[in-house]
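As the structure lists them, so they are numbered: ligands from 1, and atoms in each ligand from 1. Computed from heavy atoms alone, side chains included, the values below leave out hydrogens, waters and symmetry copies. In this chain, residues are counted from 1 in sequence order.
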Amino acid sequence: MIGEVRLPDVEQLAGRLFEAAEAATAIPRIAAAAGLDPAAAYAVQEALVERRLTRGERLVGLKMGLTSRAKMAQVGVDEVIWGRLTDAMRFDDGGSVDLSRYIHPRVEPEIAFLLSRSPEPDEPVGDFASAVRAVAPALELIDSRYEGFAFSLPDVIADNTSAAGFVVGPWRPVPAGLDNLGVLLEVGGRVTQTGSTAAILGDPRRALDAAVRLAGRRGARLEEGWVVLAGAATAAVPFRPGDHVRAVVEGLGTASLRALP
Ligand code: 0L1
Ligand code: MG
């Protein structure tokens, strides 16, 4: 048992979310009927990602979700959450993606960290910065497996926090200040969202602290060479066939992705 949820149910719920992603077909929300609390929802997430690993994917990092007020307001959930990234979710910077693989994809501009070592969950706050080798502009492709892109906190945790894909721009050394860099999201060369890295928990480095601590609570360790997506600096926008999206982060550069027509 995990809370009120039996282990076979954890596997069954993970299977439903896995199949929904495979078939690119939305399913009704699962958490209320199954009695999922956040702890049980993370167990479902783990079982869901385990299915990807079983078919040969590799864990390459973590993502933080709902780290900005704009994102919390957009989805009506007000807690920072985390999910897992695999190698199959990564797209080349400037590459392209076939959106028919997704249900209702959206994109959002982020900051990515590259880890130079595996941080210890009990390191003092702020020390995790010494575990960062480089930083980069990034894009996250999110795709809720739930109908209407609507969910509760345990629903979205179980669904691996809507993780679907990501792009990392050129890595560069971490600049002195990361806490107030301008961020733009362009679609087809037109600016559709503007924000600042300050929107990411006040400073994206706090998202890294949160990643290490929250994952540590579930016995998950971040590894050397992993990518940590710190969270979006703006609300997400729909990603449509033919769109060319670009995240522009002041002083860091750009990351882009094209959706096939
Ligand atoms: O990366 C994110 O902030 C997404 C978290 C889940 C909420 C959503 O799907 O927008
Ligand atoms: Mg995100």
Salt bridge present between E120 and R221 (N-O < 4.0 angstrom): yes
Atom pair CD (E110) and CZ (F166), whose distance is rounded to the nearest 0.5 Å: 10.5 Å
Heavy atoms of other groups near R90 CZ, more than 12 under 6.0 Å: yes
More than 12 heavy atoms from other groups under 6.0 Å of CZ on R55: yes
Side chain, backbone, both or neither: L66 near ligand 1, heavy atoms under 4.0 Å: both
Atoms in ligand 1 flagged as close to I142, the criterion being non-hydrogen separation under 4.0 Å: 8 (C), 9 (O), 10 (O)
Contact list for residues 153-181, test salt bridge (charged side-chain N to carboxylate O under 4.0 Å, His left out), sequence neighbours left out: R29-D155, R145-D159
Spacing of CG belonging to L229 relative to CD belonging to E108, to within rounding of 0.5 Å: 9.0 Å
Distance below 2.8 Å from the Mg ion (ligand 2): protein N/O/S atoms: E108 OE2, E110 OE2, E140 OE1
Under-4.0 Å heavy-atom contact with ligand 1, by part of E140 that carries it: side chain
For G65, atoms of ligand 1 separated by under 4.0 Å from a heavy atom: 1 (O), 2 (C), 3 (O)
Identity and distance of the protein heavy atom lying nearest atom 1 (O) of ligand 1: K63 NZ, 2.7 Å
Contacts of type salt bridge (charged side-chain N to carboxylate O under 4.0 Å, His left out), residue D203, not counting sequence neighbours: R205
Residue-ligand contact E108/ligand 1, heavy atom below 4.0 Å: yes
Protein heavy-atom partner closest to atom 6 (C) of ligand 1 - residue, atom, separation in Å: V156 CG2, 3.4 Å
T161 N/O to ligand 1 N/O under 3.5 Å: no
S130 and R117: side chain donor to acceptor below 3.5 Å: yes
Per-atom contacts, ligand 1 versus F149 - under 4.0 Å to a heavy atom: 8 (C), 9 (O), 10 (O)
Location of contacts on S162 toward ligand 1, heavy atoms closer than 4.0 Å: side chain
Carboxylate-amine/guanidinium proximity below 4.0 Å for E50 and R84: no
Which residue and heavy atom of the protein sit nearest atom 10 (O) of ligand 1, plus the separation: K71 NZ, 3.0 Å
Partners meeting side chain to side chain donor-acceptor pair (under 3.5 Å) with E46 (sequence neighbours left out): R218
From L48 atom CG to Y42 atom OH, the distance as rounded to the nearest 0.5 Å: 13.5 Å
